[in-house]
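Taking it in order: structure first as structure tokens, then the write-up.
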Protein chains: 2
Amino acid sequence: MTQNNKSSQPSELKDVFRNYLHHNGIKYTQARRHILDIVLEMGEHFEAEQLLYRLRENSISVGKATVYRTLPILVDCGILKAVRFDVKQTHYEFVYGQDPHDHMVCNRCGRIVEFSSDKVIELRKQLASENRFHVTGHRLQLTGLCWECATDCPVAIKK
Amino acid sequence: MTQNNKSSQPSELKDVFRNYLHHNGIKYTQARRHILDIVLEMGEHFEAEQLLYRLRENSISVGKATVYRTLPILVDCGILKAVRFDVKQTHYEFVYGQDPHDHMVCNRCGRIVEFSSDKVIELRKQLASENRFHVTGHRLQLTGLCWECATDCPVAIKK
DNA sequence: ATGCTTGCAAAACGTTTGCACAGGG
DNA sequence: CCCTGTGCAAACGTTTTGCAAGCAT
């Protein structure tokens with residue numbers, strides 16, 4: 001699904017990138033082109049080190065520093081999103097053209113259910129005005145048990 | 001408020017800690033006692049390094065490694081919660097006996113504003129039934145600019 | 001007495017930076 | 001051509017770990 005999304009619009013994404021760079025006086029270099037290429041072949045979520053590994057696998061010689069310097073640019077131009085979860089490394093998520101969504105994670109089987117963020121955005125507007133805060137983003141993760149696990153194993157509900 | 005909460009039940013917390021250690025075959029040592037003492041004097045949120053600094057301030061000699069080894073124990077026994085915001089260091093939050101709440105983090109000054117989770121819990125019930133998921137917990141973090149930064153630096157709002 | 005716990009220093013970890021050179025506009 | 005981007009290695013800040021010695025049970 002997302003893979004399709006990415007592979008069906010590679011040139012559009014390259015244009016987005018090139019235009020962004022051009023408008024900001026940043027150069028469209030070979031290294032950055034290579035990085036975008038491989039980013040498009042990565043799964044939904046990945047870390048800098050994995051990207052570097054894939055570059056090496058494809059015999060593309062790009063320094064680690066360049067990867068770390070390019071990822072923030074891809075975030076700024078709306079292709080990726082940096083998500084910092086409960087691990088030390090930053091994870092990057094492909095977001096270009098995706099609808100905003102949040103996740104429910106099943107504690108038992110690890111299943112991830114996505115749901116639209118509409119109501120969360122509504123709520124956050126409300127919270128923003130109540131707390132005098134200018135909210136621009138959010139991260140929401142619900143944890144619990146998916147339907148199957150909850151019926152399978154009522155005992156696990158306790159946790 | 002929280003300070004009162006903590007200082008009004010120090011012995012209860014010490015019991016919780018001692019019992020937890022005892023039940024898990026972990027020793028109730030002087031270093032761990034000292035760390036709990038200072039944790040109770042810390043603000044709502046703190047980092048390992050700040051805790052270490054406060055220990056030094058109080059002329060309590062505890063190694064950095066011991067602090068890093070003790071904090072996870074305090075998390076396991078329900079006194080603290082480890083919260084990872086979008087910064088590199090882990091933040092610890094006093095949660096024993098506290099009402100659930102979530103956070104807004106200012107992108108500019110790093111300030112953390114807490115707000116009640118009531119509405120989030122309401123929302124998550126709704127989302128749970130819509131998506132057939134048994135929700136037991138959540139993590140919500142709003143990001144943006146606190147009031148001061150938003151007025152100080154309207155330009156930053158763009159980001 | 002036993003073996004978990006400690007402190008120290010050193011390692012590990014992901015990430016950033018200083019520098020001289022390469023390459024894009 | 002100029003000035004930005006690059007790769008390397010070294011620096012960085014946080015956290016973890018190996019080890020000999022210390023202490024709680």
Side-chain angles (χ1 to χ4, degrees), chain A residues 14 17-38 42 45-56 58-77 80 82-93, chain B residues 14 17-39 42 45-56 58-77 80 82-93 110:
Chain A
K14 287 175 188 175
F17 191 42
R18 191 171 50 239
N19 287 336
Y20 175 84
L21 295 179
H22 184 252
H23 276 83
N24 288 79
I26 305 174
K27 290 175 180 166
Y28 187 56
T29 63
Q30 195 171 65
R32 304 216 244 243
R33 255 175 276 144
H34 279 145
I35 291 171
L36 178 58
D37 284 343
I38 301 302
M42 299 297 293
H45 303 91
F46 63 90
E47 314 163 18
E49 219 60 34
Q50 294 174 330
L51 175 56
L52 196 54
Y53 182 75
R54 287 282 266 278
L55 284 162
R56 300 271 146 84
N58 290 40
S59 311
I60 299 172
S61 149
V62 176
K64 168 182 295 202
T66 303
V67 168
Y68 277 101
R69 284 187 278 229
T70 302
L71 285 170
I73 301 178
L74 287 165
V75 169
D76 285 345
C77 75
L80 297 181
V83 290
R84 203 179 278 265
F85 210 48
D86 278 347
V87 287
K88 58 210 71 185
Q89 327 96 271
T90 300
H91 280 70
Y92 292 89
E93 177 179 29
Chain B
K14 288 174 187 177
F17 191 42
R18 191 171 49 239
N19 287 337
Y20 176 85
L21 295 179
H22 185 253
H23 276 83
N24 289 78
I26 304 174
K27 289 175 181 167
Y28 187 55
T29 62
Q30 195 170 66
R32 303 216 244 244
R33 254 174 277 144
H34 279 145
I35 291 172
L36 178 57
D37 285 344
I38 301 301
V39 160
M42 298 299 290
H45 303 91
F46 61 91
E47 312 163 18
E49 220 59 35
Q50 295 173 330
L51 176 56
L52 195 55
Y53 182 76
R54 287 283 266 277
L55 284 162
R56 300 269 145 85
N58 291 39
S59 311
I60 298 172
S61 148
V62 175
K64 168 182 295 201
T66 303
V67 167
Y68 277 100
R69 283 187 278 230
T70 302
L71 285 170
I73 301 177
L74 287 165
V75 169
D76 285 344
C77 75
L80 296 181
V83 186
R84 204 174 271 273
F85 296 110
D86 280 346
V87 288
K88 57 213 76 178
Q89 326 96 276
T90 300
H91 279 71
Y92 291 90
E93 172 179 37

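Chain identifiers are assigned alphabetically (A, B, ...) following the order of the sequence lines, protein sequences preceding nucleic acid strands; residue numbering begins at 1 within each chain.
Of the residues listed (B:V39, B:I60, B:N58), the one engaging B:H34 in a side chain to side chain contact (heavy atoms under 4.5 Å, CB included) is B:I60, and it is the only one.
The separation between B:R18 atom CZ and D:dA24 atom P is 14 Å, rounded to whole Å. To the nearest angstrom, P of D:dT16 lies 16 Å from NZ of B:K88. Between the CD atom of B:E47 and the C1' atom of D:dT14 there is a distance of 10 Å, given to the nearest Å. Atom CG of B:L52 and atom C1' of D:dT14 are 12 Å apart (whole Å). B:H22 has its NE2 atom 15 Å from the P atom of D:dA24, to the nearest Å.
Along DNA chain C, the stretch of nucleotides lying under 4.0 Å from any heavy atom of chain B spans, 5' to 3', C:dG3 to C:dC8.
Comparing the helix axis at one end of the helix from C:dA1-D:dT25 to C:dG25-D:dC1 with that at the other, each defined from 5 consecutive pairs, gives an inter-axis angle of 30° (nearest 10°).
Note that CG of A:L80 is 10.5 Å distant from CE of A:M42, once rounded to the nearest 0.5 Å. Here the CG-OG1 distance, from B:L74 to B:T70, works out to 7.0 Å after rounding to the nearest 0.5 Å. Expressed to the nearest 0.5 Å, how far CG of B:L71 lies from OG1 of B:T66 amounts to 10.5 Å. Distance OG/A:S61 to CG/A:L55: 9.5 Å, rounded to 0.5 Å.
Applying the side chain to side chain contact (heavy atoms under 4.5 Å, CB included) rule to B:D76 yields the partners B:Y20; only residues at least two apart in sequence or on another chain are considered. By the side-chain hydrogen bond (donor to acceptor under 3.5 Å, both in side chains) test, B:T90 is found to be paired with B:R84, residues two or more places apart in sequence or in another chain being considered. Applying the side-chain hydrogen bond (donor to acceptor under 3.5 Å, both in side chains) criterion to A:Y68, with sequence neighbours excluded, gives A:E49. The ring-ring contact (aromatic ring centres under 6.0 Å, His included) check on B:H91 picks up B:F85, with sequence neighbours excluded. Legend: residues meeting side chain to side chain contact (heavy atoms under 4.5 Å, CB included) with A:E93, ordered by chain and number and at least two apart, are A:H45, A:K81, A:V83, A:V95, A:H101, A:H103. Residues that satisfy the side-chain hydrogen bond (donor to acceptor under 3.5 Å, both in side chains) test with B:D37, not counting sequence neighbours, are B:K14. With sequence neighbours excluded, the residues that form a side chain to side chain contact (heavy atoms under 4.5 Å, CB included) with A:A65 are A:R69.
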Side chains of residues 22-30 of chain A: which donor-acceptor pairs under 3.5 Å do they make with residues two or more places apart or in other chains?
residue	atom	partner	partner atom	Å
A:H23	ND1	A:N19	O	2.9
A:T29	OG1	A:R32	N	3.4

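Distances shown here put a side-chain N or O of B:T90 below 4.0 Å from the OP1 or OP2 atom of D:dT15.
Residues from residues 60-69 of chain B placing a heavy atom under 4.0 Å of any atom in DNA chain D, listed by number, are B:K64, B:A65, B:Y68, B:R69. For the segment residues 23-35 of chain A, residues with any heavy atom less than 4.0 angstrom from an atom of DNA chain C are, sorted by number, A:K27, A:Y28.
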